[in-house]
Amino acid sequence: MGRISMTTNKTVEDLISRSNRLGADKRNTNFAGGNTSAKGTGKDPVTGQDVELLWVKGSGGDLGTLKAENLAVLRLDRLQALKAVYPGVEREDDMVAAFDYCLHGKGGAAPSIDTAMHGLVDAAHVDHLHPDSGIAIATAVDGEALTSKIFGDKVVWVPWRRPGFQLGLDIAAIKEANPQAIGTILGGHGITAWGATSEEAETNSLWIIDQAENYIKENGKAEPFGAKLPGYGALPEAERKARAAALAPVIRGLASTDKPQLGHFSDDAVVLEFLESAEHPRLGALGTSCPDHFLRTKVKPLVLDLPADAPLEQALNRLKELHAAYREDYQAYYDRHADADSPALRGADPAIVLVPGVGMFSFGKDKQTARVAGEFYINAINVMRGAEAISTYAPIGESEKFRIEYWALEEAKLARMPKPKSHATRIALVTGAASGIGKAIATRLVSDGACVVIADLNLENAHKVAEELGGSDVAIGVQADVTDETQIAAAIQEAVLAFGGLDLVVNNAGLSISKPLLETTEKDWDLQHNVMAKGSFLVSKAAAKVMIDQGLGGDIIYISSKNSVFAGPNNIAYSATKADQAHQVRLLAAELGEYGVRVNGINPDGVVRGSGIFAGGWGAKRAAVYGVDEQELGKYYAQRTLLKREVLPEHVANATAVLTSNELSHTTGLHIPVDAGVAAAFLR
């Protein structure tokens, strides 16, 4: 019943609309950053009586996409009664568990740490946001004086305090003592605004943001980041992308020292401008301030201290040196502040790596997390620009950052995360993936947690499949003629820039021409060998370079065929090139094992339904060879197997998933038949 009232309540409708408008504009707040609330009347699900409720964005939600089910719903009387049992700031974390006893009805999201701020402030509607302009004031060394100067008595300064129950009490007291005020600047953190109506709260939030923006624009110095550094300017776009692609696998390998990470690359103008300015080393070392920022970006980035045109080898060597130093520095940071009750160190690798003239590499447990980390660092750059334009950037202290990064509540949230899927953090490139077996493989890998590059001759179809699988945070489509080394290089560059590197390649692209020996032309022979034998070689060669640079191992899968070991009629060119592919598996397994790269093959047979090859005329030709109707070909193939079962693209996808999982971590050089049992094709 609580859910029914929540979705039909006008107060909730207004809250969701306001939240979506605020969250849609990145100048107001970042992805999943900030929270909004509304107080109003709802029905008690037991008595049917009206009760006062608080609806507030729940833990982990995003304002821009907020829905009713993302709200926590609490009884306001019970929430405000917690003031009487509050044990003090030293035990304020205990209050989070108490929120569960204030919940109303069934369903709804878990209350966040900011729930007290919304429930205790005496206003019907409250917004807590992280706008770049507001945080710029909040992180200025003289932020309190600036707040008074910019906003007069309409906005009150609140010294830094970690989010929690005490901060809610502080803001409630400030509002009571300042009836003329419409909001606060939270030192080092963001803004909070309120209103008697949803419209008034939104208007007040936007007024604070606009006033801060306008003040910085009108009073800020022209070059807040200092003069331009010679040699640190942005490289031309094509050169920049090529350089990024060359650096990315090594950087991803470094960022994955403690645990595998996915990457995101950005050459946003904001990043490039920051990195060509004289003050970027000082500001980068100071790190971010807003808790939402550094929880995703870590306390500070790794910054390459070389000009844009430094030789590639020099840049790679220096990145490795800086990474070793970063890890030592992070361990020292942990050791300075950790006590017996602190959670264990979660990893000492950087989440943000900045390369002058090239851009920013950001990392996370999945593509969205990596991308959002980069977006948050762009927010941080904007904050630093604003603070430096009118004052001096002064983020919260290191010890306070540690208290939040290694907060017991944050640790508990991480512990509740679902167990990663078998292929989480893995980046796959599947050739011929816009249809048939390739599409089935890509679909299965995505369902197992991988990010997938759909490589196909038909770019439109590749894009379509990528969109079906979840869009750019999960899959991208690229055009690739596997007989063309240049196109392969371009496809792998796109993969590396999209996800940070490459872990898994499936050589699936193929075609077949069914003819007897005397009718097989040289063109027939060359076409099939170019696509499958040469194409697999070229793709594997380019992919192996990335895998070796990453130092994370990898998988190369060849979709070969039962025909690689079985001599069938009228099939000389196809079967010969499949035998070539089959032996490439053995050769590459022997060569790439020292790098932790496994190379295995799959030998399907009789995959008629959903197969691009069979739909392209091969099915009709094979049906003619065997004297059956083309529509009955799948059944014909099934009847000649030991299991009497038809083989589908999904069965090949299943084998790919198993071969590339940790379950077969010690297997390389193997061919798995997926043919329902063809005795003549048994491997010997």
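Two residues are said to be in side-chain contact when any heavy atoms from C-beta on lie closer than 4.5 Å; Val478 and His463 fail this criterion. At a threshold of 4.5 Å between non-hydrogen side-chain atoms, the residues Val531 and Val482 count as touching. You'll find the side chain of Leu302 stays beyond 4.5 Å of the side chain of Ile352, heavy atoms only. Looking only at side-chain heavy atoms (C-beta outward), Pro249 and Ile251 stay at 4.5 Å or farther from each other. When side chains are defined from C-beta on, Gln331 does not count as touching Glu328, because their heavy atoms never get closer than 4.5 Å. Residues Val430 and Val452 form a side-chain contact, since some pair of their non-hydrogen atoms from C-beta on lies under 4.5 Å apart.
Across every non-hydrogen atom of Gly347 and Tyr330, the tightest pair is O-CE2, 3.3 Å. The shortest non-hydrogen separation linking Thr520 to Ile572 is OG1-CG2, 3.5 Å. Heavy-atom minimum distance, Leu469 versus Ala475: CB-CB, 4.2 Å. Closest approach of Met532 and Tyr574 over heavy atoms only: CE-CD1, 3.9 Å. Between Ser575 and Asn563 the shortest heavy-atom distance is OG-CB, 3.3 Å. Nearest heavy-atom pair across Pro307 and Gly231 is CB-O, 3.5 Å.
A donor-acceptor pair under 3.5 Å links the side-chain atoms of His529 to the main chain of Trp525, judged by distance alone. Although no hydrogens or angles enter the test, the distance criterion places no donor-acceptor pair under 3.5 Å between the side chain of Asp675 and the main chain of Pro604. Panel note: side chain His651, backbone Leu648; a donor-acceptor pair is recorded below 3.5 Å. Panel note: side chain Gln479, backbone Ala455; no donor-acceptor pair is recorded below 3.5 Å. Using modelled atom types, one side-chain atom of Ser362 and one backbone atom of Ala370 make a donor-acceptor pair closer than 3.5 Å. Judged by distance alone, with hydrogens and angles left aside, the side-chain atoms of Arg296 form a donor-acceptor pair with the main-chain N or O of Asp292 at under 3.5 Å. Side chain of Asp349 to backbone of Thr257: a donor-acceptor contact under 3.5 angstrom is found. Checking side-chain atoms of Asp132 against main-chain N and O of Val383 turns up no donor-acceptor pair under 3.5 Å. Looking at Gln528, its side chain does come within 3.5 Å of a backbone N or O of Ile513 through a donor-acceptor pair.
Counting only N and O atoms by type, the side chains of Ser540 and Asn507 include a donor and acceptor under 3.5 Å apart. In this structure, a donor-acceptor pair under 3.5 Å is absent between the side chains of Ser266 and Asp268. Side-chain N/O atoms of His423 and Ser661 include no donor and acceptor closer than 3.5 Å. Using a 3.5 Å distance cut-off with no hydrogens or angles, the side chains of Tyr558 and Gln584 do pair a donor with an acceptor. Residues His264 and Lys367 have side chains that bring a donor and an acceptor to within less than 3.5 angstrom of each other.
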- prompt: Would Ile602 and Ile557 count as a side-chain contact (heavy atoms from CB on, under 4.5 Å) if you check the C-alpha gap in whole Å, the side-chain angles of each, and the deciding distance to 0.1 Å?
  reply: CA-CA 7 Å; Ile602 298 171; Ile557 297 291; 4.1 Å; yes

Set out, in order, the CA-CA distance, both residues' side-chain angles and the distance that settles salt bridge (charged side-chain N to carboxylate O under 4.0 Å, His left out) for Asp555 and Arg426, then state yes or no. CA-CA 10 Å; Asp555 282 282; Arg426 304 208 73 196; 3.0 Å; yes

- Please assess Asp267 against Arg243 for the test salt bridge (charged side-chain N to carboxylate O under 4.0 Å, His left out), listing each intermediate value before the final yes or no. CA-CA 11 Å; Asp267 55 356; Arg243 179 82 160 195; over 6 Å; no

**Message:** Run Lys439 and Glu468 through salt bridge (charged side-chain N to carboxylate O under 4.0 Å, His left out) and show every step you take.
**Reply:** CA-CA 11 Å; Lys439 181 179 179 181; Glu468 289 172 2; 3.4 Å; yes

- Step by step, work out the side-chain contact (heavy atoms from CB on, under 4.5 Å) result for Leu429 and Thr431. CA-CA 7 Å; Leu429 183 145; Thr431 65; 3.8 Å; yes

- Test log, rule salt bridge (charged side-chain N to carboxylate O under 4.0 Å, His left out), inputs Lys464 and Glu467: CA-CA 5 Å; Lys464 182 179 178 182; Glu467 198 60 36; over 6 Å; no

> Stepwise, does the side-chain hydrogen bond (donor to acceptor under 3.5 Å, both in side chains) test hold for Ser665 with Asn662?
Replying inline: CA-CA 5 Å; Ser665 61; Asn662 285 332; 5.7 Å; no

TODO: Could you walk me through whether His280 and Arg282 pass the side-chain contact (heavy atoms from CB on, under 4.5 Å) test, one step at a time?
DONE: CA-CA 6 Å; His280 85 263; Arg282 172 180 67 85; over 6 Å; no

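Using bins of under 30°, 30° to 60° and over 60° for the plane-to-plane angle, the ring pair Phe265/Phe361 lands in the tilted bin.
Under 4.0 Å is where a charged nitrogen must lie from a carboxylate oxygen, and between Asp329 and Lys300 at least one such pair does. With respect to Glu273 and Arg385, a salt bridge is recorded, a charged nitrogen being found less than 4.0 Å from a carboxylate O. Salt-bridge check for Lys421 with Asp448: failed, with every basic side-chain N at 4.0 Å or more from each acidic carboxylate O.
Here Leu457 contributes atom CG and Asp481 contributes atom CG; the two are 5.0 Å apart, rounded to the nearest 0.5 Å. Rounded to the nearest 0.5 angstrom, Glu276 CD and Leu229 CG are separated by 8.5 Å. Note: Ile488 CD1 to Phe537 CZ = 9.5 Å, rounded to the nearest 0.5 Å. Atoms CD1 and OG1, on Ile454 and Thr443 in that order, are 7.0 Å from each other to the nearest 0.5 Å. Rounding to the nearest 0.5 angstrom, the gap separating the CG atom in Leu247 from the CZ atom in Arg252 is 15.0 Å. Separation of atoms CG (Leu445) and OG1 (Thr660) is listed at 5.5 Å; rounding is to 0.5 Å.
Environment of CD in Glu522: sparse, with no more than 12 heavy atoms of neighbouring residues, nucleotides or ligands closer than 6.0 Å. For Glu485, the CD atom counts as loosely surrounded, since its 6.0 Å shell holds 12 or fewer non-hydrogen atoms of other residues, nucleotides or ligands. By the 6.0 Å contact criterion, NZ on Lys228 is enclosed, its count of non-hydrogen atoms from other residues, nucleotides or ligands being greater than 12.
Every residue meeting the side-chain contact (heavy atoms from CB on, under 4.5 Å) condition with Gln368, not counting sequence neighbours, appears here in chain and number order: Phe31, Asp366, Arg371, Val372, Asp473. Partners of His293 according to the ring pair (Phe, Tyr, Trp, His ring centres under 6.0 Å) rule, which considers only residues two or more places apart in sequence or in another chain, are Phe376. With sequence neighbours left out, Asn458 forms a side-chain contact (heavy atoms from CB on, under 4.5 Å) with Asp456, Glu460, Asn461.
For the side-chain hydrogen bond (donor to acceptor under 3.5 Å, both in side chains) criterion with Gln581, the lone passing option out of Ser560, Ser536, Ser564 is Ser536. The residue from Asn570, Asp524, Asn571 that alone fulfils the side-chain hydrogen bond (donor to acceptor under 3.5 Å, both in side chains) condition with Lys515 is Asp524.
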